[in-house]
S.K.: 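Input: one structure, supplied below.
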Amino acid sequence: MNQVPGPGFSSPTDPRESSGVPSAPAPGSIAQPGNSYPPHWRPAPAPAPSPPPGRPAQRGRRGLGMFGITLLVILSFLLGLTTGIIWADDTLGLRTSAPAPDRSLAPSVGGNTDVGQVATAVMDSTVYLECFTGPNGGSGTGIVYTADGVIVTNAHVIMPDGELAEDIEVVLPDGQRKVADVVGYSTDYDIAVITVNADGLTPLPLADSGSVAVGDRVVAVGAPLGLTGTVTTGIISAVERPVRSGGRGPQSFMNALQTDAAINPGNSGGPLVDMGGQMVGLNSAIAQPVTTTQEALGSIGLGFAIPATQVKYTAEEILSKGYATYPVMGIMVDMTDRRPGAAILSGDDTPGIVAGGPADRAGLREGDRIMKVNDRQISSVTQFIVYLRSLTPGEHVSLVVERGGSQFESELTLEEHRAD
């Protein structure tokens, strides 16, 4: 049986094993990162978006008669209404000011604000990335995190072939191109932090993604297929969706927000915002049937975003330490097991319990099956890893464990492990 390590164990032969990354995708549909492009393809720089046209002047006409005048008034009203929807200006004052220095999260706003207004505000906080090593690479999107040039994007955007790109260029909202420096990244969380030499940028406000609900309207901004400034709309289709994503590079686990807003290759690292212009998630992956190649894939209404709360936590950790961490129990789980719960490895060359780790101290054994964590039912090993990584090191958790056909309760304190 092909057994793949779970969180909490560092293998002496394979450093990837400590993150619980499987060696092969699970059957059925999997999520794929959304920025990859065919080799030797490099998108041409797109010009900065021009301001929307104003409402065309209405001209009168003699001799129309009462019917013609009435028809002209109706058409003028409809034209004005349509123009207001598509080319909404900034007169309603939706553009939010820069967040406080601590970049605290605000409750998500779920009103009926015009999409054009939201898009106009978010454009000023969205950047586009071109990442290449020689002729090979790809493009993606990012968000302005601080006014002095800190940018947040997906790790797989700056690692288009599974390795860190040699050349990373950022196109700012005003069209300027800047060479970026990498502060740090985590492939486990699929989050990267880079910096550019710029000042006076407009940071994107982050919402508390815990307040997001199914059915909330959202707007995605990005550069699908290199088409910068593309705006799509939809709703939140699901919250806390356990997603394991990965293409040619390392795999990531996320407790994702699912959306039906059109997400395509190139949207990765771009914002998914609520109707108040606050980011609720960082677009990261799209569903892909196992029979479909990524290059041939279009949007099928199944996009996934990393919750803004997780983005903020990981970005702040990278900024302060240069790397991210995740919590561990000190166990290895069987990634090939399809039954409910998460089974601790047993009877293999690789130990399932880390000696002296939290699980060992709590009395867990190889072959035990974790059925609940903090009263949350564990339906699969992927859900177990995703939920565990949404917690923080030092957090105290309660477990329900199955052993020999009976169940018992246990408690432990999560330890810190450096993420890849």
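Just so it is clear, the model here is predicted, and its values are computed rather than measured.
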S.K.: Are the side chain of Thr133 and the backbone N or O of Glu166 linked by a donor-acceptor pair below 3.5 Å?
M.R.: yes

S.K.: Taking all non-hydrogen atoms of both residues, which atom of Arg338 and which atom of Met335 are closest, and how far apart?
M.R.: NH1-O, 3.1 Å

S.K.: Can you tell me if Thr141 uses its side chain to pair, donor with acceptor, with the backbone of Tyr128 under 3.5 Å?
M.R.: no

S.K.: In this structure, which one of Arg376, Gln383, Gln258 forms a side chain to side chain donor-acceptor pair (under 3.5 Å) with Glu240?
M.R.: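 Filter result, single survivor: Arg376.
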
S.K.: Hey, are the side chains of Phe384 and Ile370 touching, using non-hydrogen atoms and a 4.5 Å cut-off?
M.R.: yes

S.K.: Enter the distance from Gln310:CD to Tyr189:OH here, rounded to the nearest 0.5 Å.
M.R.: 5.0 Å

S.K.: Do you know which two heavy atoms are closest between Ala198 and Leu201, and how far apart they sit?
M.R.: CB-CD1, 4.1 Å

S.K.: If you take all heavy atoms of Ile143 and Leu206, which pair is closest and at what distance?
M.R.: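 That closest heavy-atom pairing would be CD1-CD2, 4.3 Å.
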
S.K.: Please evaluate residues Val196 and Gln176 with respect to the criterion side-chain contact (heavy atoms from CB on, under 4.5 Å), reporting the C-alpha separation (whole Å), side-chain torsions for both, the decisive distance (0.1 Å), and the verdict.
M.R.: CA-CA 11 Å; Val196 294; Gln176 292 187 73; over 6 Å; no

S.K.: Okay, side chain of Glu409, backbone of Val400: is any donor-acceptor separation there less than 3.5 Å?
M.R.: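 Absent.
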
S.K.: Taking all atoms of both residues into account, what is the closest heavy-atom pair of Gly341 and Met371, and its distance?
M.R.: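 Of all heavy-atom pairs spanning Gly341 and Met371, the closest is CA-SD, 4.1 Å.
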
S.K.: Output yes when a side-chain donor or acceptor of Gln117 lies under 3.5 Å from a complementary backbone atom of Asp114, and no otherwise.
M.R.: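 Such a contact is absent between Gln117 side chain and Asp114 backbone.
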
S.K.: For Glu316 and Ser320: C-alpha separation, side-chain torsions, deciding distance, then whether side chain to side chain donor-acceptor pair (under 3.5 Å) applies.
M.R.: CA-CA 6 Å; Glu316 292 291 343; Ser320 63; over 6 Å; no

S.K.: Apply the test side chain to side chain donor-acceptor pair (under 3.5 Å) to residues Tyr387 and Asn374: give CA-CA distance (whole Å), side-chain angles for both, the deciding distance (0.1 Å), then the verdict.
M.R.: CA-CA 10 Å; Tyr387 177 64; Asn374 291 340; 3.3 Å; yes

S.K.: Tell me the closest heavy-atom pair linking Gly277 and Pro205, and the distance in Å.
M.R.: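 The answer is O-CD, 4.1 Å.
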
S.K.: Apply the test side chain to side chain donor-acceptor pair (under 3.5 Å) to residues Ser268 and His156: give CA-CA distance (whole Å), side-chain angles for both, the deciding distance (0.1 Å), then the verdict.
M.R.: CA-CA 8 Å; Ser268 282; His156 76 259; 2.9 Å; yes

S.K.: Counting distance only, does the side-chain N/O of Asn154 pair as donor-acceptor with the main-chain N or O of Asp190 below 3.5 Å?
M.R.: yes

S.K.: Is a salt bridge present between Glu416 and Lys321, judged by a nitrogen-to-oxygen distance below 4.0 Å?
M.R.: yes

S.K.: With distance as the sole criterion, is a donor-acceptor pair present between the side chains of Glu402 and Ser406 under 3.5 Å?
M.R.: no

S.K.: Does some side-chain heavy atom of Met275 sit less than 4.5 Å from a side-chain heavy atom of Val115?
M.R.: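 In short, these two side chains touch, coming nearer than 4.5 Å.
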
S.K.: Could you walk me through whether Arg244 and Val386 pass the side-chain contact (heavy atoms from CB on, under 4.5 Å) test, one step at a time?
M.R.: CA-CA 8 Å; Arg244 180 180 58 177; Val386 165; over 6 Å; no

S.K.: Run the side-chain contact (heavy atoms from CB on, under 4.5 Å) check on Arg369 and Arg403 step by step: do they pass?
M.R.: CA-CA 7 Å; Arg369 181 178 295 275; Arg403 178 187 298 167; over 6 Å; no

S.K.: Hey, mind stepping through Ile331 and Glu366 against side-chain contact (heavy atoms from CB on, under 4.5 Å) and telling me if it holds?
M.R.: CA-CA 9 Å; Ile331 62 174; Glu366 293 182 356; over 6 Å; no

S.K.: To the closest 0.5 Å, what do you measure between OG (Ser346) and CE (Met332)?
M.R.: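 Going from OG on Ser346 over to CE on Met332, the span is 13.0 Å.
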
S.K.: Any idea how His417 and Tyr326 line up, ring-wise: parallel (<30°), tilted (30 to 60°), or perpendicular (>60°)?
M.R.: tilted

S.K.: Main chain of Ile191, side chain of Ser186: is a donor-acceptor contact present, judged purely on distance under 3.5 Å?
M.R.: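 No.
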
S.K.: For a 4.5 angstrom cut-off between non-hydrogen side-chain atoms, does Ser379 reach Pro340?
M.R.: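 Result no, sub-4.5 Å side-chain heavy-atom pair not found.
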
S.K.: Is there a side-chain contact between Leu399 and Leu364, using heavy atoms and a 4.5 Å cut-off?
M.R.: yes

S.K.: Could you tell me the separation between the CG atom of Leu272 and the CD1 atom of Ile263, rounded to the nearest 0.5 Å?
M.R.: 6.5 Å

S.K.: Hey, is the main chain of Asn264 close enough, under 3.5 Å, to the side chain of Asn267 for a donor-acceptor pair?
M.R.: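 A pair under 3.5 Å: yes.
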
S.K.: Can a salt bridge be assigned to the pair Glu130 and Arg177 using a cut-off of 4.0 Å between side-chain N and carboxylate O?
M.R.: yes

S.K.: With a 4.5 Å heavy-atom cut-off, do Thr126 and Thr228 have their side chains touching?
M.R.: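 They are not in contact (no side-chain heavy atoms under 4.5 Å apart), so the answer is no.
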
S.K.: Any side-chain heavy atom of Ile194 sitting closer than 4.5 Å to one from Tyr185?
M.R.: no

S.K.: Indicate whether the side chain of Glu317 and that of Thr325 have a donor and an acceptor atom separated by less than 3.5 Å.
M.R.: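 Yes, because at least one side-chain N or O of Glu317 sits under 3.5 Å from a partner of the opposite role on Thr325.
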
S.K.: Within the 3.5 Å criterion, strictly below it, is a donor on Ser209 or Thr309 matched to an acceptor on the partner's side chain?
M.R.: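 Thr309 and Ser209 do have a side-chain donor-acceptor pair below 3.5 Å.
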
S.K.: Answer yes or no: does atom CD of Glu395 have more than 12 heavy-atom neighbours from other residues, nucleotides or ligands under 6.0 Å?
M.R.: yes

S.K.: Does Glu415 pair with Arg361 as a salt bridge, N-O distance under 4.0 Å?
M.R.: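 Result for this pair is yes, salt bridge flagged.
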
S.K.: How many angstroms lie between atom CG of Asp199 and atom OG1 of Thr146, to the nearest 0.5 angstrom?
M.R.: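 If we round to the nearest 0.5 Å, Asp199:CG and Thr146:OG1 are 9.0 Å apart.
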
S.K.: What heavy-atom pair brings Gly142 and Leu129 nearest, and what distance separates the two atoms?
M.R.: N-CD1, 3.7 Å

S.K.: If we only count heavy atoms from C-beta on, is the Leu319 to Val193 side-chain gap below 4.5 Å?
M.R.: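 Side chain of Leu319 against side chain of Val193, heavy atoms only: contact under 4.5 Å found.
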
S.K.: Supply the atom-to-atom distance Leu204 CG to Leu282 CG, rounded to the nearest 0.5 angstrom.
M.R.: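 The CG atom of Leu282 is 9.5 Å from CG of Leu204, to the nearest 0.5 Å.
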
S.K.: For the pair Asp334 (side chain) and Leu345 (backbone), establish whether a donor and an acceptor sit closer than 3.5 Å, ignoring hydrogens and angles.
M.R.: no

S.K.: If you round to the nearest 0.5 Å, how far is OG1 of Thr259 from CZ of Arg241?
M.R.: 12.0 Å

S.K.: Is the backbone N or O of Thr187 less than 3.5 Å from a side-chain atom of Ser252, with the two atoms forming a donor-acceptor pair by type?
M.R.: yes

S.K.: Are the side chains of Val221 and Thr230 in contact, using a 4.5 Å heavy-atom criterion?
M.R.: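 Contact flag for Thr230/Val221 side chains = no.
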
